[in-house]
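Since the structure comes first, as structure tokens, the remarks are kept for the end.
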Amino acid sequence: MRYWLMKSEPDEVSIDDVAAARNKTVAWFGVRNYQARNFMREMRPGDQAFFYHSSCANIGIAGVVEIVGDAYPDATQFDAASPYFDAKATPATPRWDSVDIRHLRTTRLVPLAELRSHPELEGMRLLAKGSRLSVTPVEPAEWRFIEQRLLQES
DNA sequence: GCCAACGTTGGC
DNA sequence: GCCAACGTTGGC
């Protein structure tokens, strides 16, 4: 099983929105970057991800979610009324994928600046200069450090 | 709102 | 296939 970090703008989908889905799952969609899409295609059911709030007042890790299924074509790419519409994508030749997630827990918010302050995390893909990917892999050692050292105090 | 960094497009 | 121009992301 692998670990990931998924960004979301809480104005659109927050960790509370994922939690409110209760036993149900939430579709993660709208990714329009090939590198991020390829990471989504590597995801498998049972993988876990930090749910990260971006482009908002309180930026950082806000919770933990589980991947519940393999990637599948993102329906919004075919919807001309959607901001995520892609004229070059067709159902026969889809370009973009969604993945379903489920809420595991809401944590205290671990700010981006706090992540940056720990030398143990300096290799994190999220923290790389200029990194903008909405989905990035998290190394097991990084995952454990965050889980055990930063999230225990929630 | 600014701007650095990155990805994509398209002319050649 | 190069690369300049443009658009987007996302932290500050």
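Residue numbers start from 1 in every chain, and the chains themselves are labelled A, B, ... in the order their sequence lines are given, proteins ahead of strands.
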Can you give me the dot-bracket string for DNA chain B, 5' to 3', counting Watson-Crick and G-U wobble pairs with both distances under 3.5 Å, using [ ] for crossing pairs and | for partners on another strand? ||||||||||||
By salt bridge (charged side-chain N to carboxylate O under 4.0 Å, His left out), which residues pair with [X], not counting sequence neighbours?
X	answer
A/E9	none
A/D79	none
A/R144	none

Among Ile, Leu, Val, Met, Phe, Trp and Tyr joined by side-chain contacts under 4.5 Å, find the other residues sharing a cluster with A/Y34 and list them by chain and number.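 Answer for A/Y34: A/W96.
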Describe the nucleic acid contact of A/Q35 in one word from base, sugar-phosphate, nothing, applying a heavy-atom distance below 4.0 Å.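 The answer is sugar-phosphate, as A/Q35 gets under 4.0 Å only of primed atoms, P, OP1 or OP2.
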What pairs of donor and acceptor atoms, side-chain ones from residues 44-59 of chain A against any protein atom, are under 3.5 angstrom apart with sequence neighbours left out?
residue: A/R44; atom: NH1; partner: A/R41; partner atom: O; Å: 3.0
residue: A/D47; atom: OD1; partner: A/R2; partner atom: N; Å: 2.9
residue: A/D47; atom: OD2; partner: A/W4; partner atom: NE1; Å: 3.0
residue: A/D47; atom: OD2; partner: A/R44; partner atom: N; Å: 3.0
residue: A/H53; atom: NE2; partner: A/I15; partner atom: N; Å: 3.0

Give me each pair satisfying ring pair (Phe, Tyr, Trp, His ring centres under 6.0 Å) with a member in residues 58-92 of chain A, each pair once, sequence neighbours excluded.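 Matches after skipping sequence neighbours: A/F29-A/Y84.
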Contacts of type side chain to side chain donor-acceptor pair (under 3.5 Å), residue A/S117, not counting sequence neighbours: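 Per chain and number, A/S117 pairs via side chain to side chain donor-acceptor pair (under 3.5 Å) with no residue.
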Please identify the 5'-most and 3'-most nucleotides of DNA chain B with any atom under 4.0 angstrom from a heavy atom of chain A.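 So the outermost contacting nucleotides come out as B/dA5 to B/dT9.
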Hey, are A/D74 and A/T76 close enough side-chain-wise for a donor-acceptor pair under 3.5 Å?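 On atom types as modelled, these side chains qualify, holding a pair under 3.5 Å.
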